[in-house]
Protein chains: 2
Amino acid sequence: MARAATTADVFNAISEVARRGLLDAIGREECTVGELVARSGLSQPQVSKHLGVLRAVGLVRVRSEGRRRWYRVHGPALKPVYDWVRAYERTWNARLDRLDDLLGELQAESP
Amino acid sequence: MARAATTADVFNAISEVARRGLLDAIGREECTVGELVARSGLSQPQVSKHLGVLRAVGLVRVRSEGRRRWYRVHGPALKPVYDWVRAYERTWNARLDRLDDLLGELQAESP
DNA sequence: TTGACGCATGTCGATATCGGAATATAAAAT
DNA sequence: ATTTTATATTCCGATATCGACATGCGTCAA
């Protein structure tokens with residue numbers, strides 16, 4: 001058995017820098033593959049393949065218009081990542097950490 | 001060239017379910033490898049290898065005590081992931097999205 | 001109809017995984 | 001000194017990538 005497929009889940013899909021770059025390049029707009037090739041500096045096949053992975057995990061949606069394809073980011077697909085990593089936020093966020101301590105004290109006081 | 005190494009950055013390190021599981025298994029405690037083997041159901045070499053990857057990207061810290069090794073999560077290493085994914089939060093958070101619209105309107109009003 | 005354009009897909013070689021089994025290292029116990 | 005315990009490392013076969021290049025397919029233009 002080898003490493004999990006990049007299309008296995010969102011975590012695997014965004015592990016590649018180029019794919020995060022593509023998502024950032026699209027941003028809040030609707031982009032054509034050609035525009036992304038220009039913005040990213042990647043080859044056209046590369047962009048298409050990376051978009052294929054992003055599409056497979058639901059991170060982008062496509063709309064066909066003639067021979068052009070308009071891609072847009074579908075952010076909600078990132079929620080699993082956000083939810084998972086958010087649980088660790090208090091580890092570097094001092095304010096949340098102090099809130100944690102406070103809640104711990106309150107729980108310790110009440111029998 | 002092949003896929004980036006799992007030790008290349010935090011994104012690659014957490015792309016594996018087993019490694020996220022280990023981080024969650026450690027939680028806020030300090031764990032020994034044996035405890036993690038028991039909790040995760042993975043083999044001992046597996047656990048050691050995954051911990052090696054997590055250690056390489058700074059996601060865990062170790063402390064030696066005799067022949068035992070105490071591992072703990074070093075959360076701040078996750079900040080790059082959090083920061084990146086947080087930019088997309090407004091895509092699924094309706095309240096933030098409306099705030100975005102409001103800010104856009106305000107900016108459109110002022111010349 | 002022929003050709004140019006926009007994008008997707010296939011092939012290839014190189015590589016870095018993954019799990020499993022065996023082995024190595026190091027410390028404690030007998 | 002030997003053996004057991006706790007953990008790390010190595011070797012193995014299988015596999016899914018990645019980039020580069022070539023090709024296929026649908027669409028618009030001349």
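Sequence lines set the chain letters: A, B, ... in the order given, protein chains first and strands last, and positions in each chain run from 1. We use all heavy atoms of the structure for the numbers below, so side chains are in, but hydrogens, waters and symmetry mates are not.
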Check your understanding: From A:Leu54 CG over to A:Arg20 CZ, what is the distance, rounded to the nearest 0.5 angstrom?
Key -> 11.5 Å
**Study point:** B:His50 NE2 to B:Leu23 CG distance, which is reported to the nearest 0.5 Å
**Key:**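 Answer for the NE2-CG pair, B:His50 versus B:Leu23, is 11.0 Å.
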[X] [atom1] to [N] [atom2], straight-line distance once rounded to whole Å:
| X | N | atom1 | atom2 | answer |
| --- | --- | --- | --- | --- |
| B:Leu54 | D:dT7 | CG | P | 16 Å |
| A:Trp70 | C:dG6 | CH2 | P | 12 Å |
| B:Glu65 | C:dA28 | CD | P | 10 Å |
| B:Arg3 | D:dT15 | CZ | C1' | 10 Å |
| A:Asn12 | C:dT17 | CG | C1' | 12 Å |
| B:Leu51 | D:dA6 | CG | P | 16 Å |
| A:Arg63 | C:dC7 | CZ | P | 12 Å |
| B:Arg69 | D:dT5 | CZ | C1' | 14 Å |

[X], nearest nucleotide to its side chain (from [options]):
| X | options | answer |
| --- | --- | --- |
| B:Arg19 | C:dC18, D:dA16, C:dA8 | C:dC18 |
| B:Val33 | D:dT7, C:dA21, D:dG19 | D:dT7 |
| A:Pro45 | D:dA6, D:dC21, D:dT9 | D:dC21 |
| B:Glu16 | D:dG19, D:dA6, C:dG19 | C:dG19 |
| B:Gln46 | D:dA16, C:dG19, D:dT7 | C:dG19 |

Exercise for review: Select from A:Thr7 and A:Ser43 the residue whose nearest nucleotide in DNA chain D is closer to the 5' end of that strand.
Suggested key: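 Checking each residue's closest nucleotide, the 5'-ward one belongs to A:Thr7.
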Check your understanding: Are any of B:Thr6's side-chain N or O atoms less than 4.0 Å away from OP1 or OP2 of C:dT17?
Key ->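 Yes, B:Thr6 has a side-chain N/O under 4.0 Å of OP1/OP2 on C:dT17.
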Check your understanding: Would you say a side-chain N or O of B:Tyr71 is under 4.0 Å from OP1 or OP2 of D:dA8?
Key ->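 For D:dA8, OP1 or OP2 has a side-chain N or O of B:Tyr71 closer than 4.0 Å.
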Does [X] contact [N] through a side-chain donor or acceptor facing the base, at a distance under 3.5 Å?
| X | N | value |
| --- | --- | --- |
| A:Arg67 | C:dC5 | yes |
| A:Lys49 | D:dT17 | no |
| B:Gln44 | D:dA6 | no |

Check your understanding: According to the interplanar angle, ranging from 0 to 90°, do the rings of A:Tyr82 and B:Tyr82 count as parallel (below 30°), tilted (30 to 60°) or perpendicular (above 60°)?
Key ->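 Plane angle under 30°, so parallel.
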Check your understanding: Quick one: which of A:Arg63, A:Arg67, A:Arg69 gives a salt bridge (charged side-chain N to carboxylate O under 4.0 Å, His left out) with A:Glu65?
Key ->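 Checked A:Arg63, A:Arg67, A:Arg69 against A:Glu65; only one passes salt bridge (charged side-chain N to carboxylate O under 4.0 Å, His left out): A:Arg63.
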Exercise for review: Before accepting this row, confirm whether a basic side-chain N of the pair B:Arg86/A:Glu89 lies closer than 4.0 Å to the acidic partner's carboxylate O.
Suggested key: no
**Study point:** Name of the residue among B:Asn12, B:Thr6, B:Thr7 meeting side-chain contact (heavy atoms from CB on, under 4.5 Å) with B:Asp9
**Key:** B:Asn12
Check your understanding: At under 4.0 Å between heavy atoms, what does A:Thr32 touch on the DNA or RNA strands: base, sugar-phosphate, or nothing?
Key ->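 Answer is sugar-phosphate: A:Thr32 comes under 4.0 Å of backbone atoms only.
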**Study point:** Upstream residue (5' side of DNA chain C) when A:Arg55 and B:Leu42 are each assigned their closest nucleotide
**Key:** A:Arg55
